[in-house]
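See below for the structure under consideration.
For the numbers below, each heavy atom of this structure counts, side chains included, while hydrogens, waters and symmetry mates do not. None of the values given here were measured: they were computed from a predicted structure.
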Amino acid sequence: ALFSLGLGLMACALVCSILLVQEPFVETMAGNVESAMNYELRAGDILGKLKFVWNDIVSVFSKDSQTLRRPVEGKMSAGFSEETGCVEFTGEPDCDVYASSDGVVSEIGTGETGNYVVLKHADGSVSTYYNLSPVCVEKDQPLSAGDALGRAPSGKIGFRYEMDGQPVNPEDLLQLR
């Protein structure tokens with residue numbers, strides 16, 4: 001989010017400098033009162049344009065930034081682990097596990113932590129859900145945020161979120177429900 005804000009501010013500064021360079025500063029500096037009044041009016045127009053551009057920038061970054069749904073009705077019981085790249089959620093025993101975002105099931109498997117499901121999202125990010133039994137989805141199945149993936153017999157699941165192949169702390173992306 002901080003990175004997106006920085007990019008937005010840089011884009012806004014770029015637009016501002018482009019718009020300001022087009023203004024007739026030479027006439028204003030020469031002391032022409034009429035030009036100075038026109039400049040003041042144009043400055044108001046520029047501020048209006050900047051507000052419009054800033055809103056566009058914010059909406060673009062809002063659309064691109066991923067917001068994730070909690071994968072279980074419960075609480076985060078363990079924060080992000082650098083070692084595993086996961087966070088842990090705890091719900092009621094035998095609770096449903098839900099897709100955190102729209103995606104397609106790219107992998108279903110069994111590992112040290114039991115059954116897992118991997119979803120690939122439209123923005124290239126990947127989410128993985130561990131400790132599922134049973135799994136109720138199939139490979140290549142499209143899912144919407146909130147669709148059931150399976151159940152968590154113990155009520156605990158591991159959740160991993162990756163962007164560009166690297167684990168990312170999903171805590172800032174999760175909707176607090």
Side-chain angles (χ1 to χ4, degrees), residues 1-14 51 53-177:
L2 201 49
F3 177 72
S4 294
L5 179 61
L7 285 176
L9 289 174
M10 286 192 307
C12 187
L14 177 64
K51 183 177 179 184
V53 168
W54 177 253
N55 288 340
D56 280 352
I57 289 169
V58 168
S59 75
V60 165
F61 282 108
S62 296
K63 288 177 192 168
D64 289 345
S65 42
Q66 185 74 275
T67 301
L68 305 174
R69 181 192 192 285
R70 287 181 179 266
V72 296
E73 297 297 329
K75 62 180 183 172
M76 187 180 303
S77 52
F80 183 72
S81 164
E82 293 288 338
E83 183 180 323
T84 64
C86 292
V87 294
E88 185 177 278
F89 286 92
T90 302
E92 294 293 320
D94 203 34
C95 62
D96 287 326
V97 178
Y98 306 103
S100 63
S101 183
D102 297 352
V104 176
V105 177
S106 63
E107 183 179 346
I108 299 171
T110 303
E112 292 179 21
T113 58
N115 298 325
Y116 63 89
V117 173
V118 179
L119 294 183
K120 184 165 186 174
H121 307 286
D123 65 356
S125 63
V126 174
S127 57
T128 307
Y129 309 79
Y130 298 97
N131 303 327
L132 305 180
S133 184
V135 170
C136 66
V137 293
E138 297 177 4
K139 189 172 183 334
D140 299 323
Q141 180 179 343
L143 297 171
S144 297
D147 286 350
L149 303 169
R151 298 183 75 76
S154 68
K156 292 186 178 187
I157 69 151
F159 176 72
R160 180 180 174 106
Y161 186 75
E162 297 178 14
M163 295 176 87
D164 299 322
Q166 298 298 314
V168 173
N169 184 346
E171 292 179 58
D172 294 333
L173 303 172
L174 291 165
Q175 291 180 350
L176 300 175
R177 295 187 196 212

Inset, instruction - Indicate the atoms forming the closest heavy-atom contact of Met163 with Ser125, along with that distance. - result: CG-CB, 4.0 Å

Legend entry - Which atom of Pro167 lies closest to which atom of Arg160, heavy atoms considered: CG-NH2, 3.5 Å

Inset, instruction - Would you indicate whether the side-chain heavy atoms of Glu92 and Glu73 approach each other to under 4.5 Å? - result: no

Inset, instruction - Evaluate the side-chain proximity of Leu119 to Tyr129: yes if any heavy-atom separation is below 4.5 Å, no if none is. - result: yes

Inset, instruction - Just grab all the salt bridge (charged side-chain N to carboxylate O under 4.0 Å, His left out) pairs involving residues 126-136, residues at least two apart or on different chains. - result: none

Legend entry - side-chain hydrogen bond (donor to acceptor under 3.5 Å, both in side chains) contacts in which one or both residues fall within residues 133-142, not counting sequence neighbours: none

Legend entry - Option passing side-chain contact (heavy atoms from CB on, under 4.5 Å) with Ser127 (candidates Ser100, Ser101, Pro170, Pro71): Ser100

Sequence neighbours excluded and cut-off under 3.5 Å, please list the side-chain donor-acceptor pairs for residues 104-114, or say none.
from: Ser106; atom 1: OG; to: Val118; atom 2: O; distance (Å): 3.4
from: Glu107; atom 1: OE2; to: Tyr116; atom 2: OH; distance (Å): 2.7
from: Thr110; atom 1: OG1; to: Asn115; atom 2: OD1; distance (Å): 2.9

All N/O donor-acceptor pairs, side-chain side in residues 150-157, below 3.5 Å, sequence neighbours left out:
from: Arg151; atom 1: NE; to: Asp94; atom 2: O; distance (Å): 3.2
from: Arg151; atom 1: NE; to: Asp94; atom 2: OD1; distance (Å): 3.3
from: Arg151; atom 1: NE; to: Asp94; atom 2: OD2; distance (Å): 3.4
from: Arg151; atom 1: NH1; to: Asp96; atom 2: OD1; distance (Å): 2.3
from: Arg151; atom 1: NH2; to: Asp94; atom 2: O; distance (Å): 2.5
from: Ser154; atom 1: OG; to: Lys156; atom 2: N; distance (Å): 3.1

Residues 78-90 side chain polar contacts: donor-acceptor under 3.5 Å, at least two apart:
from: Ser81; atom 1: OG; to: Glu83; atom 2: N; distance (Å): 3.3
from: Ser81; atom 1: OG; to: Thr84; atom 2: N; distance (Å): 3.2
from: Ser81; atom 1: OG; to: Thr84; atom 2: OG1; distance (Å): 3.3
from: Thr84; atom 1: OG1; to: Cys86; atom 2: N; distance (Å): 3.2
from: Glu88; atom 1: OE2; to: Ser77; atom 2: OG; distance (Å): 3.2
from: Thr90; atom 1: OG1; to: Ser77; atom 2: OG; distance (Å): 2.7

Inset, instruction - Mark yes or no for whether Asn169, through its side chain, and Glu171, through its backbone, hold a donor-acceptor pair below 3.5 Å. - result: yes

